[in-house]
Amino acid sequence: MAVIYLNRRRKLTEEQKRVATSLLHNEVNEVMADLEIIEDSLDRTFLFGELNLRELAEGYIEERLKTNPDGSYDEELLKRVYNHYFGEQKGE
């Protein structure tokens, strides 16, 4: 996959938006799967058996990942996701 560096002032291309959205979905899916494994271990304990980490994570995700009326993610959020994984090239 080619990495396209971006300038903070420049808008994301449609390809960059698709990549950032895909990365975001993959990250959420991986973390939720990991939380399910941890919950299975916690279920075997007395104190933490009823702790629902996935439910807490879903609330956190709802707060952090606001969507536009059309269901898409805010471009600034997608820029931050893209920058987190690919960084920005100096001088652009």
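Here, residue 1 is the first one in the sequence, and each next residue gets the next number. For the numbers below, each heavy atom of this structure counts, side chains included, while hydrogens, waters and symmetry mates do not. Only a predicted model underlies this, so the values are computations on that prediction, with no experimental measurement involved.
- Between the CD atom in Glu30 and the CG atom in Leu35 there is a gap of 12.0 Å [rounded to 0.5 Å].
- Leu65 CG to His25 NE2: the interatomic distance, rounded to the nearest 0.5 Å, is 8.5 Å.
- Between Val28 and Met32 there is a side-chain heavy-atom pair separated by less than 4.5 Å.
- Take Glu39 and apply the salt bridge (charged side-chain N to carboxylate O under 4.0 Å, His left out) test, not counting sequence neighbours, and it matches Arg54.
- The two residues Tyr73 and Asn68 have their closest heavy-atom pair at O-ND2, 3.4 Å.
- Here CG of Leu51 is found 6.0 Å from CG of Leu56. Values are rounded to the nearest 0.5 Å.
- If you take CZ on Arg64 and CG on Leu77, they are separated by 8.0 Å, rounding to the nearest 0.5 Å.
- For Lys66 against Glu63, the heavy-atom pair with the smallest separation is CE-O, 3.5 Å.
- Applying the salt bridge (charged side-chain N to carboxylate O under 4.0 Å, His left out) criterion to Glu14, with sequence neighbours excluded, gives Lys17.
- Side-chain contact between Val19 and Tyr85 is absent, with no heavy atoms from C-beta onward closer than 4.5 Å.
- Taken from OG1 in Thr21 to OH in Tyr82, the straight-line distance is 12.0 Å, to the nearest 0.5 Å.
- Listed here is the closest heavy atom pair of Thr13 and Gln16: N-OE1, 2.8 Å.
- The two residues Leu78 and Ala20 make their nearest non-hydrogen contact at O-CB, 3.5 Å.
- Pairs of residues two or more places apart, or lying in two chains, never qualify as ring-ring contact (aromatic ring centres under 6.0 Å, His included) while including a residue from residues 34-68.
- For the atom pair NZ (Lys79) and CG (Leu12), the distance works out to 6.0 Å, reported to the nearest 0.5 Å.
- Enclosure of atom CD in Glu75 by more than 12 non-hydrogen atoms of other residues, nucleotides or ligands within 6.0 angstrom is indicated.
- For the residue pair Ser41 and Thr45, the shortest heavy atom distance occurs at O-CG2, 3.8 Å.
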Original post:
Val81 and Phe86: side chain to side chain contact (heavy atoms under 4.5 Å, CB included), yes or no, with the steps?
Top reply: CA-CA 9 Å; Val81 170; Phe86 299 114; over 6 Å; no

